[in-house]
Visitor: 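My structure is below; once you've seen it, I'll send some questions.
Protein chains get the first letters and strands the later ones, always in sequence-line order, with residue 1 at the start of each.
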Amino acid sequence: MADVFKIARIALDVPLPRCFDYLLDGVTKSDIGKRVKISFANREKVGVIVDCVNETDVPTAKLKTVESVLDAEPLLTEDVLSLLRFCSQYYQYPLGATLFTAIPSRLRQVNAFKPDVSVYYQLNHDGMTALASLKKSAKAQLLLRDRLLQPAGKDELKWLASTANNIIKKWLEAGWLDEVAVPASQAMIVGEKPLLTHEQKAAIEQIAFNGFQTALLFGVTGSGKTEVYLQLVEKALQQKKQVLVLVPEINLTPQLFQRFAKRFPSIRIAALHSNVSDAERASEWLAAKRGDREIVLGTRLSVFAPLPHLGLIIVDEEHDAAYKQQDSLRYSAKHVAVVRAKQANVPIVLGSATPSLEMWSQAIEGKFDLLPMTRRAVDAAVLPTIGIVDTRKRYAEDGLSAELLAAIGDRLHRKEQSLVFINRRGFSPVVFCDACGWQAGCQRCSARLVLHRAQRRLICHHCGWGLPAMSACPDCGNQDLKPIGAGTQRLEEALETHFPNARVLRVDRDAMRLKGSWEAAQAQIMDGEADILIGTQMLAKGHDFPLLTLVGVINADVSLHSADFRATEKLFAQLMQVSGRAGRAGLPGQVLIQTGFPDHPVFEYLTRHDFQGFAEQLLTERQLCEFPPYSFQAILRAEASRVELALEWLQAAKSLGLRDGARWLDQVEVFDPVPALMVKVDQKERAQLLFQSKSRVTLQKFLSEWSYLLYDMPLKGGHWTLEVDPIDI
DNA sequence: AGCACGCCGACT
DNA sequence: GTCGGCGTGCTC
């Protein structure tokens, strides 16, 4: 018989670094992970049992009794719980708050969640035949058709296409759709497979499927990484295992979902990301937990999905910063994924064309397996030629060099598409008075206001504050205010002037604000109904546009003199990524990068497509300076009404650390509190304190002994956070 | 995080 | 004389 206890230790969704004890007669270790209903500070709350004991320091009079146990079986099973315990400890975040981030919101509530009430739709045989040859421009129908190879809920379909309701209705009436209550398990069917390149074959063969293994799939754009994922997934599925696939952002899920659904039409895939409704997410989460979903495909939070038969983890676009959560539990999903693979004793494959230095260094040191794929899978597709345009020669107000204009003109002539990439929304980032030196600044942030000419407003990109654009300088009355520099809107205007007959399409957050406009824009680009695209980050990732053969990059150097030591690493990855948009389908691609620093080494490596050489050089630098990945960092950030208060608080926190963590101090470097690079954001002034150590373990020990003391140091009128392995310093 | 308890300004 | 401002302190 199992040991029986009297007291349950319960984790709650409160920002306190401890658990709370409640009486629960007959509680056993097998109850760990179950949810309970309790009264906490005179309020009903849901908690999770994390331990059971017979003795506690809490005075007996204070102990309350658990009102009810909500689960027959633990909602958080042992494997997920131990992963979350690791996260709580590693990221110095309270256990309760950590556990509750991993639980779908519907299951955090006191009211019981009734899963599987929603109807699932699936395309039947008639439907597949009828919809086999849709027009390319019927974007919504195409998306829905491909998704409906697998059972799908209404909410998710509506997210895929805003017109889903009407289309579903039509297809139901035509008898092309079946309503399925619960997606049924079937024998595995594998769709058509392409021939593999030698490199793809070699990569697949290196995954042994006999225990924990970390592999870095280093594949240039177009080398066929997805096909490698698919064949590895097939192997795992053959062993009746579940597969976890992580993608950096929701925009990339539909694409990958289609590939998976087409290849494995009988396999049930759960899509877990923030655009799936709460009810559907909870329902899919529970289905995965029952083993009723063979594949879970989702964004970073999916790394905590319950998978009783986990057999493989895939992390696509491993270098992407979106894997790092930037609030509450500040975890790195790819790091957690590696820990999960280790705990579950399964292989993990991380793919990227420009791996993070952190992963790359592990691979070349032999700690991870390196799976290189340096050739494009389509024979005819060659790597684009990359040219550097020196913008010091001639200053162009609109940001467009003569070389780039000529190349665009050339594409127009050949009826091919051009993409002009600029990571800056609005018309111009600076509004400046020649006469007195005045600049338009935000009243709530230490940032400049960006001119949005269409709205005739100056807008702060950090807090949203703004004011109507003025025609005269508010300080000296000068009538000649100058908008300096170019954003997407100015480029749009300039390109329309240069090429009056071209169809110019701007794709940024402002232009794509309306629902469905992004889908429409994609269809427009696919069908060749646009000649020149102006895009921000949105256009850099994912989608392949077959007619696109020229990519121009404006102002590639804004980040080159940034204080962030990761700036060049990020720039290289970003430029490689946009370059990858050029010339994928047999048409040769050209990339033109405008910069005022043409001699910077990053461009030399870039023109040679030499990631390895670039990484080697950066790693040498990092080693010399003892920067990550040769050291490990943590940052304590504080925000308050005035920066002096934040600095004072950090100084006090530092002294506390110096006293209490003294025995680690010879191995942990504690810097001085400094104001943040951008001191003021949204009326709050910020400062930070950096910790660094050559040993991850030592830093962990130091943080563990010191960080809980911070909870007893109130920051009046402010807020603090501790971040382990920060990526923005 | 909530929320209650607790001492000082402008209102019926 | 009260209503209410949000400063500190607690939650098993």
Visitor: Which is true for A:Ser39 with a 4.0 Å heavy-atom rule: it touches a base, it touches only sugar-phosphate, or it touches nothing?
Guide: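 Sugar-phosphate contact only.
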Visitor: A:Asn42 or A:Val14: which one's nearest nucleotide on DNA chain B is closer to the 5' end?
Guide: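 The answer here is A:Val14.
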Visitor: Are any non-hydrogen side-chain atoms of A:Leu23 and A:Ile7 less than 4.5 angstrom apart?
Guide: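 Touching, per the 4.5 Å side-chain cut-off.
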Visitor: Within a radius of less than 6.0 Å around CD of A:Gln109, do more than 12 heavy atoms belonging to other residues, nucleotides or ligands occur?
Guide: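 Atom CD in A:Gln109 is crowded, with more than 12 foreign heavy atoms closer than 6.0 Å.
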Visitor: Could you give the CE-to-P distance, from A:Met713 to C:dG9, as a whole number of Å?
Guide: 15 Å
Visitor: With a 4.0 Å limit, can you tell me whether A:Lys716 has a side-chain N or O closer than that to the phosphate oxygens OP1/OP2 of C:dT8?
Guide: no
Visitor: Whole-Å distance between C:dC12 P and A:Lys6 NZ?
Guide: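 These atoms are roughly 20 Å apart.
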Visitor: A:Arg18 near the nucleic acid: base, sugar-phosphate alone, or nothing, with a heavy-atom cut-off under 4.0 Å?
Guide: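 A:Arg18: base contact, heavy atoms under 4.0 Å.
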Visitor: Roughly how many Å is it from OH in A:Tyr711 to C1' in B:dA1, rounded to a whole number?
Guide: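 Atom-to-atom, A:Tyr711 to B:dA1, this comes out as 12 Å.
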Visitor: Mind checking if A:Ile38 touches a base, just sugar-phosphate, or nothing, with heavy atoms under 4.0 Å?
Guide: nothing
Visitor: For residues A:Phe304 and A:Arg340, report the shortest heavy-atom separation together with the two atoms involved.
Guide: C-NH1, 3.7 Å
Visitor: Can you tell me the distance, in whole Å, between the CD atom of A:Glu44 and the C1' atom of B:dG2?
Guide: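 Interatomic distance, CD of A:Glu44 to C1' of B:dG2: 15 Å.
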Visitor: Which one of A:Arg696, A:Lys324, A:Arg566, A:Lys334 satisfies the salt bridge (charged side-chain N to carboxylate O under 4.0 Å, His left out) criterion with A:Asp725?
Guide: A:Arg696
Visitor: Let me know the distance between CZ of A:Phe40 and P of C:dC12, rounded to the nearest Å.
Guide: 6 Å
Visitor: How many whole angstroms separate atom CG of A:Leu12 from atom C1' of C:dC10?
Guide: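 My rounded result for the distance is 14 Å.
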Visitor: Please report the distance, rounded to the nearest Å, between NZ in A:Lys45 and C1' in B:dA1.
Guide: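 Going from A:Lys45 (NZ) to B:dA1 (C1'), I get 8 Å.
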Visitor: Figure out the CG/C1' separation between A:Leu24 and C:dC12, and round it to whole Å.
Guide: 13 Å
